[in-house]
Amino acid sequence: MLDIKLIREGEAEVRAALARRGAATHLDALLQADQQRRRLVTDVESLKRQRNTASEEIGKLKKAGQDTAAKQVAVKAIGAQIAALDDQIQQVDQELNSLLLMIPNAPHTSVPDGKSAADNQVVRMHGAPQPLAFKPKTHLELGESLGILDFGRAARMTGAGFPLYVGLGARLERALVQFMLDLHVKEHGYTEVSTPFVCNSAAMTGTGQLPKMAEDMYYIPTDDLYLIPTAEVPITNIYREEIIERPLPIYLTAYSPCFRREAGSAGRETRGLIRVHQFDKVEMVKFVEPETSYRELESLVANAEDVLQRLGLTYRVLALCAGDISFAAAKCYDIELWAPGQQAWLEVSSCSNFESFQARRALIRYRTKAKKVDYVHTLNGSGVALARLVVAILENGQTADGAINLPEAIVPYMDGIRRLEPGQSPKL
RNA sequence: GGAGAGGUGGCUGAGUGGCCGAAAGCAGCGGUUUGCUAAACCGCCGUACCGGGUAAACUGGUACCGGGGGUUCGAAUCCCCCCCUCUCCGCCA
């Protein structure tokens with residue numbers, strides 16, 4: 001969330017920044033609640049001071065054996081006033097908090113203007129889409145002919161949008177996870193963690209999934225827990241309500257499955273692995289000092305790009321415009337892979353700087369060089385998302401005879417298998 | 001899931017109704033002494049919010065002893081609910 005003091009003192013700037021997102025703002029109600037709260041707090045605290053002084057006096061008098069009945073009655077009256085004010089404060093606090101939680105992050109000045117995905121800017125390309133010498137198949141056709149994907153059986157046990165990988169398909173998935181984790185841990189300086197795949201509402205609120213995105217998550221009412229839509233949630237929440245005493249930056253990475261209801265997106269890009277309710281992902285999260293966060297964002301993107309470069313894939317990096325960045329982000333780059341079967345760019349990574357937005361919600365702080373407590377900046381990026389990565393590897397690696405040439409970098413993780421051919425993978 | 005024991009500041013750990021935001025020790029920071037390291041000695045050493053002050057230093061106040069509620073003039077301390085940890089039993093990959 002945004003700093004209420006910043007909103008109070010820099011209202012015009014905050015309004016202007018939020019307007020760039022096209023976000024409807026309820027700053028008036030917020031500022032009014034803030035003002036009311038401060039007035040009430042000042043009042044109740046002076047009453048509490050009176051009560052404390054009087055109670056102390058009663059204690060002394062009692063010790064001296066004097067009668068304090070009259071005084072006690074008087075203090076009790078103060079207590080009643082305090083209780084009434086405290087109730088009001090609680091209400092205003094709640095209102096203030098729920099308003100604050102609904103306000104999105106302010107876009108950074110370097111974020112391009114724009115209303116929608118159409119206004120995102122391509123900041124660089126790696127390679128360029130090359131026409132194949134034959135009509136490319138889609139990953140669905142390839143997956144079926146190779147026998148490595150089975151959507152029908154998955155739908156029977158769960159429903160549409162839940163992939164079942166078979167044989168070398170499952171193997172490829174596992175190999176890619178291993179490859180990416182190794183790269184981030186051994187070469188990019190991340191520490192690997194393995195987290196819970198369900199989180200409580202406090203954690204979800206901390207990273208910004210709640211309250212706004214409740215509809216997009218799978219929820220388990222019996223235990224009041226949510227399936228994670230991304231490992232960002234458990235990783236970032238590792239330091240929730242802590243003052244981090246070790247030196248920054250901290251880089252963490254984790255593999256996790258991701259669960260998304262994708263409510264409202266039925267019929268949109270829903271074929272095959274493009275948009276699924278469950279997919280695997282390797283995620284990177286950084287906890288950094290505020291002054292360094294935009295430099296850290298660039299290196300985070302570079303870490304994600306490194307994955308794709310080593311896999312020899314064609315991709316482009318987009319700077320999302322103010323109207324398209326996610327709720328919690330101050331700046332965001334997307335990385336998209338070229339998929340010849342789809343004739344489309346597929347988003348496989350989203351790298352964001354949240355500045356102190358998540359840190360404020362989740363109370364993640366550190367000590368500055370001057371020993372003051374301050375909020376960290378958090379960043380995260382996919383490094384990268386699996387299902388669409390598999391799509392790109394299949395569709396880019398395909399040959400005229402329906403086989404797949406695998407990227408050299410994962411061959412060691414595939415026990416030396418360089419090529420997937422029809423009939424090669426074990427059948428169900 | 002059942003029974004019992006606990007949750008106090010970065011850590012260890014005292015405190016069972018007012019003199020407690022909390023003893024003591026360790027760690028940390030500053031200083032004195034010191035050939036260096038070490039030791040000794042002295043001082044400092046929680047967070048949030050509201051106010052004063054230049055959004056610094058500093059300063060007045062309020063709250064916080066797992067979380068929430070209650071009793072009381074007054075709660076770390078008494079009562080209730082919840083969460084977590086440990087031990088034992090049950091179940092189990």
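Lettering follows sequence order; numbering is per chain, from 1.
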Taking atom P in both B:rU37 and B:rG51, what distance in whole Å separates the two? 48 Å
Any strand is fair game: report the nucleotide pairing with B:rC86 by Watson-Crick or G-U wobble, both distances under 3.5 Å, or none. B:rG4
As a test of understanding, state which of A:Tyr251, A:Tyr255, A:Phe179, A:Tyr190 forms a ring pair (Phe, Tyr, Trp, His ring centres under 6.0 Å) with A:His184. A:Tyr190
Taking the C1' atom of each, how far is B:rC58 from B:rG53, in whole Å? 8 Å
Salt bridge A:Arg49-A:Glu45, side-chain N to carboxylate O under 4.0 Å: no
Got a donor-acceptor contact below 3.5 angstrom from the A:His139 side chain to the A:Gly272 backbone? no
Determine whether a donor-acceptor pair (N or O, by modelled atom type, separation under 3.5 Å) exists between the side chain of A:Thr207 and the backbone of A:Gln209. no
Nearest whole angstrom, please: distance from the P of B:rC84 to the CG of A:Asn200. 10 Å
If I pick the C1' atom on B:rG30 and the same atom on B:rC86, what distance separates them, to the nearest angstrom? 40 Å
Consider only side-chain N and O atoms of A:Asp150 and A:Tyr165, and report whether a donor and an acceptor are under 3.5 Å apart. no
Using atom C1' of each nucleotide, how far apart are B:rG69 and B:rG1 to the nearest Å? 27 Å
Can A:Arg310 and A:Glu408 be counted as an ion pair, charged N to O under 4.0 angstrom? no
Base, sugar-phosphate, or nothing: which does A:Lys371 touch, judged by heavy atoms less than 4.0 Å apart? nothing
Check: A:Asn396 side chain, A:Ala392 main-chain N or O, donor-acceptor pair, under 3.5 Å: yes
Please classify the nucleic acid contact of A:Arg246 as base, sugar-phosphate, or nothing, using heavy-atom distances under 4.0 Å. nothing
What nitrogen or oxygen pairs link the protein and nucleotides 91-93 of chain B at under 3.5 Å?
none

Distance in angstrom units between A:Ile58 CD1 and B:rC73 P, rounded: 8 Å
Taking NZ, NE, NH1 and NH2 as the nitrogens, is one of them in A:Glu173 or A:Arg171 under 4.0 Å from a carboxylate oxygen of the other? no
Does the distance from a Lys or Arg side-chain N to an Asp or Glu carboxylate O, for A:Lys48 and A:Asp86, drop under 4.0 Å? yes
Tell me which nucleotide, if any, is Watson-Crick or G-U wobble paired with B:rC26 when both distances must be under 3.5 Å. B:rG10
Just the atom pairs and distances: protein N or O near nucleotides 58-68 of chain B's N or O, under 3.5 Å.
{"from": "B:rG61", "atom 1": "N2", "to": "A:Glu45", "atom 2": "OE1", "distance (Å)": "2.9"}
{"from": "B:rG61", "atom 1": "N2", "to": "A:Glu45", "atom 2": "OE2", "distance (Å)": "3.3"}
{"from": "B:rU62", "atom 1": "OP1", "to": "A:Asn52", "atom 2": "ND2", "distance (Å)": "3.3"}
{"from": "B:rA63", "atom 1": "OP2", "to": "A:Asn52", "atom 2": "ND2", "distance (Å)": "3.4"}

5'-most by nearest nucleotide on RNA chain B - A:Glu56 or A:Asp374: A:Glu56
Strictly distance-based, threshold 3.5 Å: is any side-chain N or O of A:Ser299 a donor or acceptor partner for the main-chain N or O of A:Glu296? yes
Pair A:Arg365 + A:Glu242: basic N to acidic O under 4.0 Å: no
Roughly, in whole Å, what's the span from CD in A:Gln72 to P in B:rU71? 16 Å
What distance, rounded to whole Å, do you find between the two P atoms, one in B:rU47 and one in B:rA40? 28 Å
Can you tell me the Watson-Crick or wobble partner of B:rU62, both distances under 3.5 angstrom? B:rA48
Nearest-angstrom distance from the residue atom CZ of A:Arg365 to C1' of B:rG10: 14 Å
Between A:Val75 and A:Arg38, name the one whose nearest nucleotide on RNA chain B is closer to the 5' end. A:Arg38
In whole Å, what separates the P atom of B:rA27 from that of B:rC11? 16 Å
Rounding to a whole Å, what distance do you find between A:Leu61:CG and B:rC19:C1'? 15 Å
Considering Watson-Crick and G-U wobble pairs with both distances under 3.5 Å, what does B:rC78 pair with? B:rG70
Quick check for you: among B:rA57, B:rC19, B:rG46, whose closest atom lies nearest to any side-chain atom of A:Lys63? B:rC19
Who pairs with B:rA38 - Watson-Crick or G-U, where each distance is under 3.5 Å: none
Can we say A:Arg37 and A:Asp93 salt-bridge, meaning some charged N sits less than 4.0 Å from an Asp/Glu carboxylate O? yes
Using Watson-Crick or G-U wobble geometry with both distances under 3.5 Å, which nucleotide pairs with B:rC20? none
Identified pairing partner of B:rG53, criterion: Watson-Crick or G-U wobble below 3.5 Å: none
B:rG74 and B:rC20: how far apart are their C1' atoms, nearest whole angstrom? 13 Å
What's the CD-C1' distance between A:Glu242 and B:rG10, to the nearest Å? 11 Å
Taking the same atom, C1', in B:rA3 and in B:rU16, what whole-Å distance lies between them? 26 Å
Over all strands shown, is A:Arg8 touching base, sugar-phosphate only, or nothing at heavy-atom distances under 4.0 angstrom? sugar-phosphate
Can you tell me the distance, in whole Å, between the CG atom of A:Asp223 and the C1' atom of B:rC83? 14 Å
Here the distance between atom C1' of B:rC26 and atom CD of A:Glu245, to the nearest Å, is 16 Å
For B:rC73, take OP1 and OP2 only and decide whether either is under 4.0 Å from a side-chain N or O of A:Lys71. no
